[in-house]
Amino acid sequence: MSFRAGPRKGENYELSQDLNSEYRDKRKDAIKRVIASMTVGKDVSGLFPDVLKNMQTDDLEQKKLVYLYLMNYAKTQPELVILAVNTFVKDSDDPNPLVRALAIRTMGMLRAEKIIDYVSDPLQKCLRDDNPYVRKTAALCVAKLYDLKPELVLENGFLEQLHDMIADSNPMVVANTVAALSDIHASVTSQPDYSPDDPALFNVTTNILNKLLIALNECSEWGRIAILDALARYKTDDEKEREHICERVIPQFQHVNGSVVFAAVKVIMIHMRGIRREDLCKQFIRKMAPPLVTLLSSPPEVQWVALRNINLLLQKRSDLLQNEMRVFFCKYNDPLYVKVEKLDIMVRLANDNNVDALLSELKEYASEVDVDFVRKSIKAIGQTAIKIDSAAERCVNVLLDLIATRVSYVVQEAMVVMKDIFRKYPATYEGIIPTLCANLDELDEPEAKASLIWIIGEYASRIDNADELLNMFVDTFTEESYPVQLQTLTAVVKLFLKKPDVSQGLVQRILNTATKDCDSPDVRDRAYIYWRLLSSDPAAAKGVVLAQRPPISLSRTTVSPVLLEELLAEIGTLASVYHKPAETFIGRGRVGADSVQRKGQDLVDDRLATQKALQTVAAGQQSENLLDFDDVPASDSQPSGLAATTIIPQTPAAANLLAGTSANPLDDLVSIFGGGTTGAASAPQNPFGGLAFGGENGFGSPVNSAPPTSLGSSVASPVQTQKPADDLLGLF
Amino acid sequence: MISAFFIFNQKGEVLISRLYRTDLKRSIADVFRIQVVSNSDVRSPIITLGSTSFFHVRVNNLYIVAVTKCNANAALVFEFCYRFTSIAKSYFGKVDEESVKNNFVLIYELIDEIVDFGYPQNSEIDTLKSYITTESVMSTSIAPEESSKITTQATGAISWRRGDVKYKKNEAFVDVVETVNLSMSAKGTILRADVDGHIQMRAYLSGTPECKFGLNDKLVIDKNDRTGASDAVELDDCRFHQCVRLNEFDASRTISFVPPDGEFELMRYRATTNVKLPLRVVATVNEIGTTKVSYDITVKANFGNKLSATNVVVRIPTPLNTTNVDCKVASGKAKYVPAENVVIWKIPRIQGGQECTFTAMAELTSTTTRQVWTRPPIDVDFQVLMFTASGLIVRFLKVFEKSNYHSIKWVRYLTKASGTYQIRY
């Protein structure tokens with residue numbers, strides 16, 4: 001009988017009756033029912049004393065169930081848990097090692113302040129137990145205790161004991177000890193301001209290293225991962241030592257457990273950095289390839305993790321998996337997330353020899369059901385064309401075949417891709433323009449429309465009925481989305497500059513509509529600029545609107561070099577799956593010393609990237625995000641796509657800008673369009689006078705502040721008022 | 001590391017819930033239900049919300065879910081989920097809602113044993129079965145020596161084997177099972193043909209036997225070293241059960257090990273060169289106007305006439321707007337399954353060299369949509385006994401034991417495909 005006052009009926013009352021039954025079977029059955037209720041989320045904490053009574057038993061299964069209950073509710077009933085302590089302490093002395101281990105394992109999980117102090121003595125004993133099974137359980141218990149009350153671990157010298165246990169004769173004990181120490185290490189380093197000589201930090205020394213290397217070959221698969229993770233943290237400058245570690249780790253590539261393979265890859269990638277012998281590195285990479293390919297026959301989830309990681313590895317070592325493209329071909333029944341990843345990798349592995357096979361695959365995928373996948377496949381065809389010059393023509397033919405299917409989303413995506421091909425190979429495939437224009441009616445997505453309009457504008461001089469085509473868009477101008485409006489505007493101006501006689505009326509009409517009836521300030525601003533350019537100096541307008549743009553190219557990496565190195569050191573983890581540093585998704589708001597340091601590196605990296613981008617611009621290169629037509633610039637620190645910047649210093653107005661003549665951008669705006677007062681006076685005789693507005697916007701280094709203008713003259717929709725200045729720069 | 005482990009049924013009800021670390025509350029299960037189970041458009045097996053990541057694997061309409069709060073080892077978590085499934089399978093046969101509900105006490109015991117504080121522990125089925133049983137065990141009934149033996153085994157260098165195994169007849173069965181992956185283009189060119197093989201071993205050997213295993217392989221890590229004429233099979237990669245000494249394999253290419261008692265997977269391998277395709281499928285599928293599709297499919301057994309392919313199932317896709325399919329087959333049975341938009345053609349047995357044909361005409365209703373038929377590939381499932389697509393042969397299996405007993409070894413070969421043999425048309 002329960003002596004607590006409680007409801008006399010209901011499920012819990014019945015359970016409590018049964019828990020106090022005189023029959024053993026009935027009691028055990030009741031415990032099972034309690035656990036079942038607990039599982040589905042019912043509150044059975046009221047039965048605590050009744051369940052507790054059943055703790056002292058010889059029936060191991062029953063004991064485990066009671067322990068399970070205790071772990072769940074100990075926190076809610078701290079004063080009652082104390083009653084259980086006695087049994088725990090007794091159990092930790094049981095002749096049966098399974099019972100001893102069970103007791104110590106459970107005690108560590110009871111989150112009650114009151115009983116924590118009672119854990120120390122049994123734990124002390126169990127850490128020195130004769131039985132390795134008890135020792136390996138006790139080792140993890142230290143980590144549990146640290147999580148709960150770090151002082152207790154430090155005071156009782158458990159840490160020192162753990163360090164001694166690294167030399168244990170049993171490999172599993174070693175593995176769990178390493179896991180416990182690493183766990184404690186991680187919880188220390190996650191604190192915002194830990195001291196670098198905190199005793200709880202686990203630094204892998206040379207002495208420890210040797211013990212780990214011995215245990216590595218003997219312990220269980222999961223233990224190997226713990227040990228390999230510790231090896232990955234080992235820091236050394238000794239090249240010989242690094243080679244030695246790699247050689248010892250390489251055999252793990254043959255392990256059947258995929259996560260062991262990843263842990264081994266991680267260690268190799270980290271320690272390979274310090275090895276200068278290129279032949280040795282090549283050999284490691286060669287040995288790495290087959291196991292990675294084998295992972296592709298694992299279940300889809302593991303495959304996906306593998307593919308994400310392979311993608312990263314390829315960004316670092318493009319020689320990995322050189323001849324293995326075929327294994328990445330999608331199976332019809334692969335889950336979508338696997339297919340999409342495979343596409344990405346296939347494009348990475350594409351080269352002159354395998355491009356034909358790749359294209360016929362991609363064409364096949366483009367006829368599948370999933371719209372997303374089809375679009376990505378078509379995009380991949382475009383990326384292949386941009387990546388491999390010699391294959392561009394074949395890619396274009398495939399795209400034409402796809403357009404011929406007249407499936408709406410296929411045609412539209414192909415149109416977008418075609419535009420990128422035109423940007424990479426200007427004036428090469430003019431012959432297909434009529435085919436593209438024939439599909440004009442099919443298009444209803446802004447991106448596809450904008451792409452076709454851009455093509456029409458760009459090749460206006462070669463399309464006989466360009467004015468008619470554009471006329472259609474001008475008619476519906478106000479109903480279109482802003483990207484389409486911007487493109488139409490630019491295309492009409494291009495047409496006018498190329499064929500002034502046929503399009504005088506058209507350009508007049510669109511400038512009127514755009515400046516008067518349009519809601520978007522960007523469209524209006526651009527129209528005003530064009531208007532002024534055209535009215536003041538058509539030659540300059542030509543220089544601006546029809547300027548040569550550098551061809552685009554595909555970048556080899558999707559993350560910054562510093563981030564790539566960081567992610568390679570985390571192969572197999574969530575960070576490497578997401579291609580994002582861990583802080584972005586564990587978000588404890590930590591600003592530890594190492595993250596500050598990392599921030600510093602990022603800054604340096606950004607600066608490097610800026611420098612590099614400048615050189616890239618000079619060389620007429622473009623980064624990958626140019627492929628995204630209306631990609632809004634993420635930040636100013638990724639400059640790209642600024643063509644012909646050299647014009648700026650040559651013109652007096654730009655010189656004025658550089659000197660920072662105008663302070664208030666709004667003033668200037670007024671001055672330009674309001675009839676030439678103060679601001680514009682600074683360069684009235686200059687055709688570029690209109691450029692003076694927005695002069696404040698970082699013109700000290702004009703190149704840096706430019707957004708990644710996607711299409712030279714066709715800039716995506718920036719919102720702030722000072723942005724038009726950037727847009728203008730983009731016009732060059 | 002793994003902070004919590006759940007099993008959900010298809011409706012999102014919690015069947016098993018176990019927290020390993022204290023950084024989570026039990027109510028986190030509701031979040032998963034809302035975000036994944038009731039969300040029809042889940043496009044990734046990992047969902048991260050805030051700092052909590054859900055890893056899920058679907059098995060027979062169950063969701064096996066692991067939850068983490070840190071930058072967890074994703075590969076490890078998924079491997080663990082699959083390991084759990086295989087352990088559960090070997091304990092109670094099938095892993096589905098009913099069996100989980102019936103065995104929930106056992107599952108709690110198991111997941112308590114195989115994970116501690118979020119770190120996976122011993123997950124060797126053979127060892128687990130020695131101390132986690134379906135009948136309840138009285139701690140007094142096991143002598144302390146017995147349980148210390150168990151625990152030593154669970155943690156020892158040979159954690160997968162008890163020392164005191166005795167058999168009257170010492171036998172070892174080796175099954176070489178190969179799964180052929182084929183993807184053939186409409187023109188009949190092979191886009192991809194490779195073999196995923198695994199060698200399953202059932203060892204009933206006394207004592208602590210030391211085994212050496214030999215195949216007619218030459219593992220070629222360096223593709224440039226390949227030499228031409230030789231009957232040796234080229235394996236692109238192989239991976240071993242944890243009992244195989246990897247460093248020895250790395251150094252001298254010998255496969256030596258102390259086997260676990262009973263059944264285990266000794267190795268897995270992959271071969272891509274000279275794959276012999278057991279079945280050749282030639283398909284002609286024509287769309288006649290918009291109302292009919294004609295099929296003409298031939299399956300030819302491409303191996304010696306002493307062998308035969310069994311349980312051949314050919315799945316032939318039909319357009320979505322098919323109303324009726326008229327099939328003619330010389331052997332086996334063909335049936336149109338409207339629910340899956342396929343014709344299933346089952347042939348119980350095809351002798352080596354034999355040819356089977358299938359002709360059919362599918363009638364379509366007229367539709368208003370212009371959407372073309374995507375023509376999903378034809379898929380063939382089959383089994384061929386005593387045949388290996390890679391040509392792999394077991395050369396020897398030597399057993400050394402202190403008592404020097406005589407042992408009998410049996411080898412069996414099987415090549416099969418299920419869902420991986422795809423032919424486009």
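Keep in mind that what you see is a predicted model, and the values were worked out from it rather than measured. Below, read A as the first sequence line, B as the second, and so on, with proteins coming before strands; counting in each chain starts at 1.
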Q) Got a salt bridge between Lys63(A) and Asp91(A), using NZ or NE/NH1/NH2 to carboxylate O under 4.0 Å? A) yes

Q | Partner set under ring-ring contact (aromatic ring centres under 6.0 Å, His included) for Phe329(A), not counting sequence neighbours | A | none

Q | Side chain / backbone / both / neither for Asp183(A) at chain B, heavy atoms under 4.5 Å | A | both

Q) If you tally heavy-atom pairs under 4.5 Å against chain A, which of Glu13(B), Arg18(B), His241(B), Glu248(B) wins? A) Arg18(B)

Q.
I'd like to know which of Ala29(B), Pro45(B), Pro120(B), Ala74(B) tops the heavy-atom pair count under 4.5 Å against chain A.
A. Pro45(B)

Q) Under a 4.5 Å heavy-atom cut-off, does chain A meet the side chain of Ile190(B), its backbone, both or neither? A) backbone

Q. Which answer fits Gln242(B), side chain, backbone, both or neither, if we ask what part of it has an atom under 4.5 Å from a heavy atom of chain A?
A. both

Q | Heavy-atom contact with chain A under 4.5 Å, split by part of Asp250(B) | A | side chain

Q.
Is the shortest side-chain heavy-atom distance between Val265(A) and Phe253(A) below 4.5 Å?
A. yes

Q) Where on Asp112(B) is there a heavy atom nearer than 4.5 Å to chain A: the side chain, the backbone, both, or neither? A) both

Q | Short side-chain to backbone donor-acceptor contact, Glu79(B) and Gly258(A), under 3.5 Å | A | yes

Q. Distance from Thr39(A) atom OG1 to Leu68(A) atom CG, nearest 0.5 Å?
A. 7.5 Å

Q. With chain A, which of Gln121(B), Glu124(B), Gln422(B) has the greatest number of heavy-atom pairs at distances under 4.5 Å?
A. Gln121(B)

Q | Residue part contacting chain A, namely of Leu76(B), when any heavy atom lies under 4.5 Å | A | both

Q: Pick one of side chain, backbone, both or neither for Lys64(A), based on which atoms fall under 4.5 Å of a heavy atom in chain B.
A: side chain

(Q) Quick check against the 3.5 Å criterion: does Arg100(A) have a side-chain atom that pairs as donor or acceptor with the backbone of Pro95(A)? (A) yes

Q: Tell me, out of Asn257(A), Ile225(A), Asp229(A), who's got the most heavy-atom pairs with chain B below 4.5 Å.
A: Asn257(A)

Q | Toward chain B, the part of Ala215(A) with a non-hydrogen atom under 4.5 Å | A | neither

Q.
Need one label for Ser169(A): side chain, backbone, both or neither, based on atoms under 4.5 Å from any heavy atom in chain B.
A. neither

Q) Under a 4.5 Å heavy-atom cutoff, which of Thr48(B), Val57(B), Asp196(B), Leu191(B) has the most pairs with chain A? A) Leu191(B)

Q.
Please classify the contact of Asp23(B) with chain A as side chain, backbone, both or neither, using a heavy-atom distance under 4.5 Å.
A. neither

Q) What part of Leu19(B) gets closer than 4.5 Å to chain A, counting heavy atoms only: side chain, backbone, both or neither? A) backbone

Q | Plane angle bin for Trp373(B) and Tyr425(B) - parallel if under 30°, tilted between 30 and 60°, otherwise perpendicular | A | tilted

Q | Per-residue contact mode, Thr68(B) against chain A (heavy atom under 4.5 angstrom) | A | side chain

Q | Tyr133(A) six-ring face occupied by Arg135(A) cation (under 6.0 Å, within 45°) | A | no

**Q.** Side chain, backbone, both or neither of Val305(A) within contact of chain B (heavy atoms, under 4.5 Å)
**A.** side chain

Q | Contact origin within Arg224(A) toward chain B - heavy atom pairs under 4.5 Å | A | side chain

Q. Angle class for the Phe373(A)/Tyr365(A) ring planes (parallel below 30°, perpendicular above 60°, tilted otherwise)?
A. tilted

Q: Could you walk me through whether Glu218(A) and Asn170(A) pass side-chain hydrogen bond (donor to acceptor under 3.5 Å, both in side chains), step by step?
A: CA-CA 9 Å; Glu218(A) 290 174 356; Asn170(A) 186 297; over 6 Å; no

Q. What residue in Ser44(B), Ala186(B), Ser183(B) has the most heavy-atom pairs under 4.5 Å with chain A?
A. Ser44(B)

Q | Gap between atom CD1 of Ile35(A) and atom OH of Tyr69(A) - 0.5 Å precision | A | 8.5 Å

Q: Check whether any side-chain heavy atom of Trp304(A) lies under 4.5 Å from a side-chain heavy atom of Glu341(A), and answer yes or no.
A: yes

Q: Would you mind telling me which of Val14(B), Asn247(B), Ile16(B) has the largest number of heavy-atom pairs within less than 4.5 Å of chain A?
A: Asn247(B)

Q) Which of the residues Val40(A), Val338(A), Leu336(A), Ile250(A) is involved in the greatest number of heavy-atom pairs with chain B at under 4.5 angstrom? A) Leu336(A)

Q: Would you sort out whether Arg270(B) and Thr294(A) count as a side-chain hydrogen bond (donor to acceptor under 3.5 Å, both in side chains), showing the intermediate values?
A: CA-CA 7 Å; Arg270(B) 194 162 50 77; Thr294(A) 304; 2.9 Å; yes

Q) Is it the backbone or the side chain of Phe80(B) that comes under 4.5 Å from a heavy atom of chain A, or both, or neither? A) both

Q) Given that the side chain runs from C-beta out, which part of Asp129(A) has a heavy atom under 4.5 Å from chain B: side chain, backbone, both or neither? A) neither

Q.
Which atoms of Asn131(A) are under 4.5 Å from chain B, going by heavy atoms: the side chain, the backbone, both sets, or neither?
A. side chain

(Q) A quick test of your reading: do over 12 heavy atoms of other residues, nucleotides or ligands sit less than 6.0 Å from NZ of Lys580(A)? (A) no

Q: Report the relative orientation of the aromatic rings in Phe104(B) and Tyr108(B); use parallel for angles under 30°, tilted for 30 to 60°, perpendicular for over 60°.
A: perpendicular

(Q) Tell me whether Arg239(B) contacts the main-chain N or O of Gln254(A) through its side chain, where contact means a donor paired with an acceptor under 3.5 Å. (A) no

Q.
Need one label for Phe262(A): side chain, backbone, both or neither, based on atoms under 4.5 Å from any heavy atom in chain B.
A. side chain

Q) What part of Arg375(B) is in contact with chain A, defined as an atom under 4.5 angstrom from a non-hydrogen atom: side chain, backbone, both or neither? A) neither

Q. Is a side-chain donor or acceptor of Asn333(A) paired with a backbone partner of Gly419(B) at a separation under 3.5 angstrom?
A. yes

Q: Please look at Ala180(A) and chain B and tell me whether the side chain, the backbone, both or neither of the residue comes under 4.5 angstrom of a heavy atom of that chain.
A: neither

Q.
Using only atom types and a distance under 3.5 Å, with no angle test, would you say the side chain of Ser298(A) pairs donor to acceptor with the backbone of Gln303(A)?
A. no

(Q) For Arg326(A), which atoms come within 4.5 Å of any heavy atom of chain B: side chain, backbone, both, or neither? (A) both

**Q.** Per-residue contact mode, Lys144(A) against chain B (heavy atom under 4.5 angstrom)
**A.** both

Q. Going through the checks in order, is the salt bridge (charged side-chain N to carboxylate O under 4.0 Å, His left out) test met by Asp29(A) and Lys32(A)?
A. CA-CA 5 Å; Asp29(A) 186 58; Lys32(A) 286 186 186 171; 5.8 Å; no

Q: Might you work through the salt bridge (charged side-chain N to carboxylate O under 4.0 Å, His left out) test for Arg424(B) and Glu361(A), ending with a clear yes or no?
A: CA-CA 11 Å; Arg424(B) 297 175 189 162; Glu361(A) 274 300 295; 3.1 Å; yes

Q) For Asp130(A), is it the side chain, the backbone, both or neither that has a heavy atom under 4.5 Å from a heavy atom of chain B? A) neither

Q) Is it the backbone or the side chain of Leu49(B) that comes under 4.5 Å from a heavy atom of chain A, or both, or neither? A) neither

Q. Given that the side chain runs from C-beta out, which part of Val261(A) has a heavy atom under 4.5 Å from chain B: side chain, backbone, both or neither?
A. side chain

Q. So which of Leu295(A), Asn176(A), Asn309(A), Val302(A) has the biggest tally of heavy-atom pairs under 4.5 Å with chain B?
A. Asn176(A)

Q) Under a 4.5 Å heavy-atom cut-off, does chain A meet the side chain of Tyr82(B), its backbone, both or neither? A) side chain

